[in-house]
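Step one of this worksheet: look at the structure below.
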Amino acid sequence: MAEPSKVIHVRNVGHEISENDLLTLFQPFGVITKLVMLRAKNQALLQMQDVPSAINALQFYTNVQPTIRGRNVYVQFSSHQELTTMDQNAQGRGDEGRNIYDGCCQLDIQFSNLEELQVHYNNDRSRDFTNPNLPTEQKGRSSQQPGYGDVPGMFSPEAHGARAVGFPQVGVALIMMANAAAIAQAFGGGLPPGISGTNERCTLLVSNLNPDRIDEDKLFNLFSLYGNIVRIKLLRNKPDHALVQMGDGFQAELAVHFLKGAMLFGKRLEVNFSKHPNITQGADTHEYVNSNLNRFNRNAAKNYRYCCSPTKMIHLSTLPQDISEEEIVNHLAEHGTIVNTKLFEMNGKKQALIMFETEEEATEALVTKHASSLGGSIIRISFSQLQTIRENSQ
């Protein structure tokens, strides 16, 4: 391993790999200041803003094989500490660098009359590299429940490298590019016990559901604990079966790992990878790709870190400032026996811990009451890894 440097040397860069593909691979780790494509050698040199950003990228890709368009690429520190003008001219673009191809397709670059460029979608025609969460132009039927519908500017599979039909296949060995840094931060550069990080299947088959009590939004509330949800389909010919399409293979693997065998509405869930690579949009699918309730649009590292199997304890946030414990208990009591509660304030915001008698009761409360209205606020519910409630619990 060469001495740490801002410059990263990438090998096995095939002709099908574009500059944008490489940018997508490394942008989660920091600002990229320079990129040189050495086409004749199937290599590239990429300069990060600082050495720590480059170190974070290489530490992550030591544990996860980076793959672009189905091709493994290999990364290491470059012997260069800085990319120079001479290095950049090695691309064969000429001193002015204005030709798309050598000797032809010369660019004519002028100042625009626009004061600011507005980009509304991340797709093959436009992209905002400062905001990977912009939606694509993909349209579909949204859930009919309030709060679950399309909200412009939120999660989209293309922006995160999801492998759905019509989306570009740009991935880091099966883990979404936009989440790579969050995963590395959440798990200290490694992966959680029992998670291989080698799965690329995004669609899950969930069976042994209670058809009388389950619906798409309840499944969304449960599976969105482990990643962003693209769409969900209840199988009408098999009422106790459903398909859930996650944002990427890593998030799907988390859901299988933590939810397999969980109890919900008197049934023990079976969660497995589906043979279908994605769920085809139709009248019987519910779309969540643009839902503002997808948890991993913000604070992805924190959400990964809190992933766990269902527990007896749930954590409530975004509560009204004047809420009381009695109001919270009344809101949740129909789902089981509440053993203990604690209402507290953190960073000026009201939060609560609620302990049920069983994991199944806590799970029912979560899937039913997450994103419900309480005192005029839409509350968020997740499982807590705390075993008991203490007076100083936060």
Heavy atoms, side chains only, cut-off 4.5 Å: are N278 and V230 in contact?
-> no
Would you mind telling me which of L259, I214, N208, V206 makes a side-chain contact (heavy atoms from CB on, under 4.5 Å) with L264?
-> I214
Salt bridge flag under 4.0 Å for residues R231 and E287 | yes
Yes or no on ring pair (Phe, Tyr, Trp, His ring centres under 6.0 Å) for F223 and Y288, after CA distance, side-chain angles and deciding distance?
-> CA-CA 12 Å; F223 281 80; Y288 297 95; over 10 Å; no
Return the minimal non-hydrogen interatomic distance between P310 and A262, and the atom names on each side.
-> CG-CB, 3.9 Å
When you measure from the side chain of T24 to the backbone N and O of N20, does any donor-acceptor pair fall under 3.5 Å?
-> yes
Under 3.5 Å, is there a donor-acceptor pair between the side chain of T363 and the main chain of E359?
-> yes
Same cluster or not: are V244 and I279 linked, directly or through other Ile, Leu, Val, Met, Phe, Trp or Tyr residues, by side-chain heavy atoms under 4.5 angstrom apart?
-> no
Heavy-atom distance under 4.5 Å between the side chains of L204 and S274, does that happen here?
-> no
Taking side chain as C-beta onward, heavy atoms only, is F250 less than 4.5 Å from I195?
-> yes
Verify same cluster id: L23, L58 (apolar side-chain graph, 4.5 Å) = yes
How many angstroms lie between atom OG of S207 and atom CG of N272, to the nearest 0.5 angstrom?
-> 6.5 Å
Carefully, step by step, assess E253 and R201 under the rule salt bridge (Lys or Arg N to Asp or Glu O under 4.0 Å).
-> CA-CA 8 Å; E253 188 177 10; R201 293 169 291 178; over 6 Å; no
How long is the gap from CD on E270 to CG on D240, to the nearest 0.5 Å?
-> 11.0 Å
The single option from D248, I229, N228 passing side-chain contact (heavy atoms from CB on, under 4.5 Å) against F296 = N228
For residues A242 and L209, report the shortest heavy-atom separation together with the two atoms involved.
-> CB-CD1, 3.8 Å
Listed partners of N42 passing side chain to side chain donor-acceptor pair (under 3.5 Å), at least two apart | none
What one should report as the nearest heavy-atom pair of N199 and A252 is ND2-CB, 4.1 Å
Could you give me the CA-CA distance, side-chain angles and deciding distance for F356 and V339, then say whether side-chain contact (heavy atoms from CB on, under 4.5 Å) is met?
-> CA-CA 5 Å; F356 283 86; V339 176; 5.9 Å; no
Evaluation steps, side-chain contact (heavy atoms from CB on, under 4.5 Å), between Q251 and Y226 | CA-CA 6 Å; Q251 295 178 350; Y226 308 100; 5.7 Å; no
For K302, does the NZ atom have more than 12 heavy-atom neighbours from other residues, nucleotides or ligands under 6.0 Å away?
-> no
Who are the side chain to side chain contact (heavy atoms under 4.5 Å, CB included) partners of R11, not counting sequence neighbours?
-> H9, Q43, Y74, Q76
Could you tell me whether D50 and K6 have a side-chain N and a carboxylate O separated by less than 4.0 Å?
-> no
Of C308, C307, S309, the residue whose pairing with Q385 passes side-chain contact (heavy atoms from CB on, under 4.5 Å) | C308
Distance from E345 atom CD to N347 atom CG, nearest 0.5 Å?
-> 9.0 Å
Co-members of the apolar cluster containing I378 [side chain, <4.5 Å] | none
Approximate separation, where rounding is to 0.5 Å, of L35 CG and M48 CE | 11.0 Å
Check step by step if side-chain contact (heavy atoms from CB on, under 4.5 Å) holds for K233 and H286.
-> CA-CA 6 Å; K233 178 180 181 179; H286 278 221; over 6 Å; no
With L225 via side chain to side chain contact (heavy atoms under 4.5 Å, CB included) - residues at least two apart = L222, R295, L366, S382, F383
Is there a donor-acceptor pair closer than 3.5 Å between any side-chain N or O of T368 and the backbone N or O of A365?
-> no
Pair F29 + Y61: ring centers closer than 6.0 Å | yes
Minimum heavy-atom distance between R298 and N303, given as atom pair plus value = O-ND2, 3.3 Å
Between NZ on residue K350 and CD1 on residue I379, distance to nearest 0.5 Å | 14.5 Å
Is the backbone of Q49 close enough, under 3.5 Å, to the side chain of S53 for a donor and an acceptor to pair up by distance?
-> no
Separation between CD1 (I328) and CG (L319), nearest 0.5 Å, reads 5.0 Å
Partners passing side chain to side chain contact (heavy atoms under 4.5 Å, CB included) against E326 (at least two apart in sequence or in another chain) = S324, N330
May I ask you to test the T318-K349 pair for a side-chain heavy-atom distance under 4.5 Å?
-> no
Is there a donor-acceptor contact under 3.5 Å from the side chain of K34 to the main chain of Q47?
-> no
Please tell me if the side chains of L374 and I323 come closer than 4.5 Å, counting only heavy atoms from C-beta onward.
-> yes
Using the side-chain contact (heavy atoms from CB on, under 4.5 Å) rule, take H331 and S372 through it: C-alpha gap first, then chi angles, then the decisive distance, then the call.
-> CA-CA 10 Å; H331 191 64; S372 64; 3.0 Å; yes
Under a 4.0 Å N-O cut-off, is there an ion pair linking K369 with E334?
-> yes
Side chain to side chain, I381 and H315, heavy atoms closer than 4.5 Å | no
Do V51 and F26 share a hydrophobic cluster, counting only Ile, Leu, Val, Met, Phe, Trp and Tyr and linking them when any side-chain heavy atoms are less than 4.5 Å apart?
-> yes
Side-chain heavy-atom pair D212, F265 within 4.5 angstrom cut-off | no
Same cluster (ILVMFWY, side-chain, under 4.5 Å), L22 and I55 | yes
For the residue pair V271 and K260, what are the closest heavy atoms and their distance?
-> O-NZ, 2.8 Å
Close side-chain approach of V367 and L219, heavy atoms under 4.5 Å | no
Could you tell me which non-hydrogen atom of E361 sits nearest to which non-hydrogen atom of E357, and how far apart they are?
-> OE1-N, 3.3 Å
For T341, check side chain to side chain donor-acceptor pair (under 3.5 Å) against everything at least two apart and list the hits.
-> E325
Would the number of heavy atoms belonging to other residues, nucleotides or ligands and lying under 6.0 Å from CD of Q387 be above 12?
-> no
Under-4.0 Å salt bridge between D21 and R69 | yes
